[in-house]
Amino acid sequence: MRAEILKMLLDHIGTYVSGESLMNACSISRQGVWKHIQALMEEGYPILTAKGSGYQLPHDPHILTQSRLEMILLSMPLIEKAYHFPSTPSTNAFLKEQSKRIESAIAVADEQTQGRGRLGKAWVSQDQGGLWFSILQRPSILPSQASMLTQVAAAAMVKTLLTLTTIEIKIKWPNDLMIGDRKLCGILTEMSAELHAIDYVVIGIGLNLYQQAFEPPLDKIATALCQHHSGTIDRIEIIKLFLENYQELYTCFVRDGNLKEIIDYLNQNAYLNGHEITIMHDTTKKAKASHVNVNGELVIQNEQGEQESLLYGEVSVRRVL
Ligand code: BTN
């Protein structure tokens, strides 16, 4: 309800929307409208009120709030619930805790105090440093197919950032986005499953946006969008476009059960393809990366010149610089 009211005000920036039209659109009482207007003001929306005229938002304050997230979901049937936190330990951890109660959701935090990365590493997620969010879903796919979702999310984020900026951004198999040789974004996909069925997946995305510099050791390996893009960086715009792209690519992926719809895109924007790489597993091996296949495996040529396919989760890969 509150999201609908916010949408009506944002659709009529600079003009008054009458109390009646809000009451009718939401089928609520005048008091009900007022309650939501007050709550929106508390979230930070500078709403003007005038007796006889109604309510007006003089400008879009571009703040990421609970209501704004819910408003984005109004046109996103894929995801049911939204959660916004000024601070939380980890949006992945939060959605995993909620997975018994809710079907699908997005959780976004301004700050994470215990952000988690892949392979048990921490993910630095300072207040307003970037976009830290997770999506909970229950796709009808096999557990063995779940790792491909990481690449669906990676493709959706690259598509988003290539629309909003002119920066060259590459996908480093299986879960990173890179600008040059530095990491811009990481994706952590976690799941709960039985042998043949997925209970849920949580896809967590950490996108560095506003950090002018990083503390060691990240100063050598990380980057943020603001270091490459002079225009404004609006988390709302990124989330909205990402969710639109993700919804489209996810639907194709679940229908096909593989990455055939986006495989060309993944390979055209791949960071590793054609490069010498180091594969870290039990031992360290050198190889040459060829391409990603429709099952989301990285196809490589080993030192003996034979082709091998690497599975997500089994290995960690580094490009030889
Ligand atoms: C990686 O590259 O290691 C993956 C990083 C994933 C970080 C995101 S931030 C939002 C979500 N919540 C977490 O605790 N982790 C993911």
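Just so it is clear, the model here is predicted, and its values are computed rather than measured. We count ligands from 1, going down the list as the structure has it; atoms in each ligand are counted the same way.
Using a cut-off of 4.0 Å between Lys/Arg side-chain N and Asp/Glu carboxylate O, Arg138 and Glu103 are scored as salt-bridged.
Residue Gln114 has no N or O atom closer than 3.5 Å to an N or O atom of ligand 1. Taking any N or O of Ser125, backbone or side chain, none lies under 3.5 Å from an N or O belonging to ligand 1. Considering backbone and side-chain atoms together, Trp132 places no N or O closer than 3.5 Å to any N or O of ligand 1. Any N or O atom pair closer than 3.5 Å counts here, and Trp123 shares no such pair with ligand 1.
Residue-ligand proximity: Lys121 is placed with every non-hydrogen atom at 4.0 Å or more from ligand 1.
Near Gly117, the atoms of ligand 1 lying under 4.0 angstrom from a non-hydrogen atom of the residue are 1 (C), 3 (O), 4 (C), 5 (C).
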Inset, instruction - May I have the step-by-step check of salt bridge (charged side-chain N to carboxylate O under 4.0 Å, His left out) for Lys81 and Glu70, ending in yes or no? - result: CA-CA 7 Å; Lys81 277 187 156 293; Glu70 287 172 5; over 6 Å; no
Inset, instruction - Go through Arg68 and Glu43 one step at a time and tell me if the salt bridge (charged side-chain N to carboxylate O under 4.0 Å, His left out) criterion holds. - result: CA-CA 10 Å; Arg68 190 71 184 242; Glu43 280 188 7; over 6 Å; no
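When non-hydrogen atoms are compared, ligand 1 lies under 4.0 Å from the side chain of Asp176 (C-beta onward) but not from its backbone.
Residue-environment remark: CD (Gln126) stays at or below the threshold of 12 foreign heavy atoms within 6.0 Å.
Less than 6.0 angstrom separates the ring centroid of Phe94 from the ring centroid of Tyr83.
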